[in-house]
There are 2 protein chains.
Amino acid sequence: MSDKPQTRIQAKNRAAILAAGLDAFSKYGFRGTTLDQIAEAAGLSKPNLLYYFPSKDAIYTALLERLLDTWLDPLIAMKADGDPVEEILAYAMRKLEMSRDYPRESRLFANEILQGAPHIAGHLSGDLRALVDEKAVVINGWAAAGKIAPVDPHHLIFSIWSLTQHYADFEVQVNAVLGREDWYDDAGAHLDALLRARLQARVPG
Amino acid sequence: MSDKPQTRIQAKNRAAILAAGLDAFSKYGFRGTTLDQIAEAAGLSKPNLLYYFPSKDAIYTALLERLLDTWLDPLIAMKADGDPVEEILAYAMRKLEMSRDYPRESRLFANEILQGAPHIAGHLSGDLRALVDEKAVVINGWAAAGKIAPVDPHHLIFSIWSLTQHYADFEVQVNAVLGREDWYDDAGAHLDALLRARLQARVPG
DNA sequence: CGTTGGTTTGACCAATTGGTCAAATCAAGA
DNA sequence: TCTTGATTTGACCAATTGGTCAAACCAACG
């Protein structure tokens, strides 16, 4: 994927288009987003927008690829040779940070999955599955060594995904129910206690 | 809300439209769904569809209202006079059952929230918030009485929402990562262990 | 059988959709 | 300054969108 040299104008406009596209696609999904919408938010005319990206699909695909490129980094960073509980907790906290710092990316991903993952189905059953399986082995090893309580590693990972992404994807609901928007620290503390209790549950016998 | 008398044909066609609409809206959201799409799936012509519902919005609204009508039932059913841990666990299991039995409804809700909850914002900060606050008092009471470990009740409820709805909203991803589709029982066992560990965590001191 | 009210449809509409294209404009280096 | 290539735009297009309407159809009851 060699980055072709870009003029300043290209860099600026492509960035503006991707930013506008992320805003729109993350809210309305691929089909619910229009080129005019993106063009206006990016401050460009529609033909001008299509000068930088050949099609609506190209914008969407570019955003998804950029996302997938970093989406798995927090899980990749969970290392077998660290302290098990702290490694898992640190992973959960990194995911929670991503929900705070990149909520639109999280919602873009959620939208894509809701629609049946038409653009990234292969990625899910390929890269993603392989990575999760690999980390499941690590978690199973920790459990076998008595470092954490026995746990289904796949569902543990699903739990971390759901608990953290919820704060980005359902942000509107969280804000409405809590009546405020400064709940991030509370969420982190709650998540920490929840996972810690499960991982350190005394094994009966 | 008096149900007007309906002919058999009306009942059948309205049901077919709502079913088709649920399919489409839950995948593609409001803006990403077309009337032609719904009409074809319902086996009706577009003008015929519009004979039963005055607009696309009316179909969507009808679905949302039908959903909200039962969406909170599991939480409402959580009673203060039961055994705390079992009440909370039973609530989580009811939500998980809803993810299994009504995944499209869950995705419809998720789509609405992702788009910023334009149709149900009032409901979120009204009914929903009131109900959650009410149950938070109950949970706080259980904690104060030493029946469960101290826990942030709002975030505990968010956790149950996210953990359970994840299996409906991200079903495609779960299937892809696990490589199979018969994971419901495992999910239930995992959820049970996770919440139980947290609720029964020994209070230090 | 005829009528009446519920049901269905083909034709149609204005607005919007994703996308094209040639012409015009602009920026910057020779 | 002139030129060249990058950038921008107005005009345009076919297809699709949500929605309308009058006419036709149909089921059932008197």
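Model, not experiment: these values are computed from the prediction. We name chains A, B, ... by the order of the sequence lines, and we start the count at 1 in each one.
- With a 4.5 Å cut-off on side-chain heavy atoms, A:Val177 and B:Leu124 do not count as touching.
- The distance from atom NZ of A:Lys12 to atom P of D:dA6 is 18 Å, rounded to the nearest whole Å.
- For A:Ile9 and B:Asp36, each mapped to the nucleotide of DNA chain D holding its nearest heavy atom, the one lying further toward the 5' end belongs to A:Ile9.
- The nucleotide whose nearest atom lies closest to any side-chain atom of B:Pro47 is, among C:dA11, C:dG19, C:dG6, C:dA11.
- Judged by the 6.0 Å distance and 45° axis criteria, A:Arg14 is not positioned over the aromatic ring of A:Tyr52.
- Here the P atom of nucleotide C:dT7 and the CG atom of B:Leu49 are 14 Å apart, to the nearest Å.
- Put simply, A:Arg8 has a side-chain N or O that comes within less than 4.0 Å of OP1 or OP2 on C:dA28.
- Salt-bridge formation is detected for the pair A:Glu86/A:Arg196: a Lys NZ or Arg NE/NH1/NH2 atom is positioned less than 4.0 Å from an Asp or Glu carboxylate oxygen.
- Among D:dA6, C:dT8, D:dT9, the nucleotide with an atom closest to any side-chain atom of A:Gln10 is D:dA6.
- Between A:Gln37 atom CD and C:dT17 atom C1' the separation is 12 Å, expressed in whole Å.
- Of all nucleotides listed (D:dT7, D:dG18, C:dG19), D:dG18 comes nearest to the side chain of B:Leu35.
- Distance from the side chain of B:Tyr52 is smallest for C:dT8 among the nucleotides D:dT9, D:dC21, C:dT8.
- The distance from atom CD1 of B:Ile38 to atom P of D:dG19 is 10 Å, rounded to the nearest whole Å.
- Within 4.0 Å of B:Phe53, counting heavy atoms only, lies no atom of the nucleic acid at all.
- Taking 4.0 angstrom as the limit, A:Asn48 places a side-chain polar atom (N or O) nearer than this to OP1 or OP2 of D:dT9.
- Between A:Tyr51 and D:dT7 there is a side-chain N or O to OP1 or OP2 distance below 4.0 Å.
- Summarising the geometry, the separation between CZ on B:Arg14 and C1' on C:dT8 is reported as 17 Å, rounded to the nearest angstrom.
- Phosphate contact (OP1/OP2 of D:dT8, side-chain N/O of A:Asn13, threshold under 4.0 Å): present.
- Ring-plane geometry between A:Phe158 and A:His155 is classed as perpendicular, the angle between the planes exceeding 60 degrees on a 0 to 90 degree scale with a lower cut at 30.
- A:Ser45 has a side-chain polar atom (N or O) that falls below the 4.0 Å cut-off from OP1 or OP2 of D:dT9.
- Here C:dT17 presents its C1' atom at 7 Å from NZ of A:Lys46, a figure rounded to the nearest Å.
- Taking 3.5 Å as the limit, the base of C:dG19 and the side chain of A:Lys56 contain no donor-acceptor pair of atoms between them.
- The interatomic distance linking A:Tyr60 (OH) with C:dG18 (C1') rounds to 17 Å, in whole Å.
- Within the 4.0 angstrom heavy-atom criterion, base atoms lie near A:Leu50.
- The side chain of B:Ser55 has D:dG19 as its nearest neighbour among C:dT9, D:dG18, D:dG19.
- The one candidate from A:Phe25, A:Phe53, A:Tyr28 that meets the ring-ring contact (aromatic ring centres under 6.0 Å, His included) condition with A:Tyr60 is A:Phe25.
- For an aromatic pair to be called close, the ring centres must be under 6.0 Å apart, and A:Phe30 with A:His119 satisfies this.
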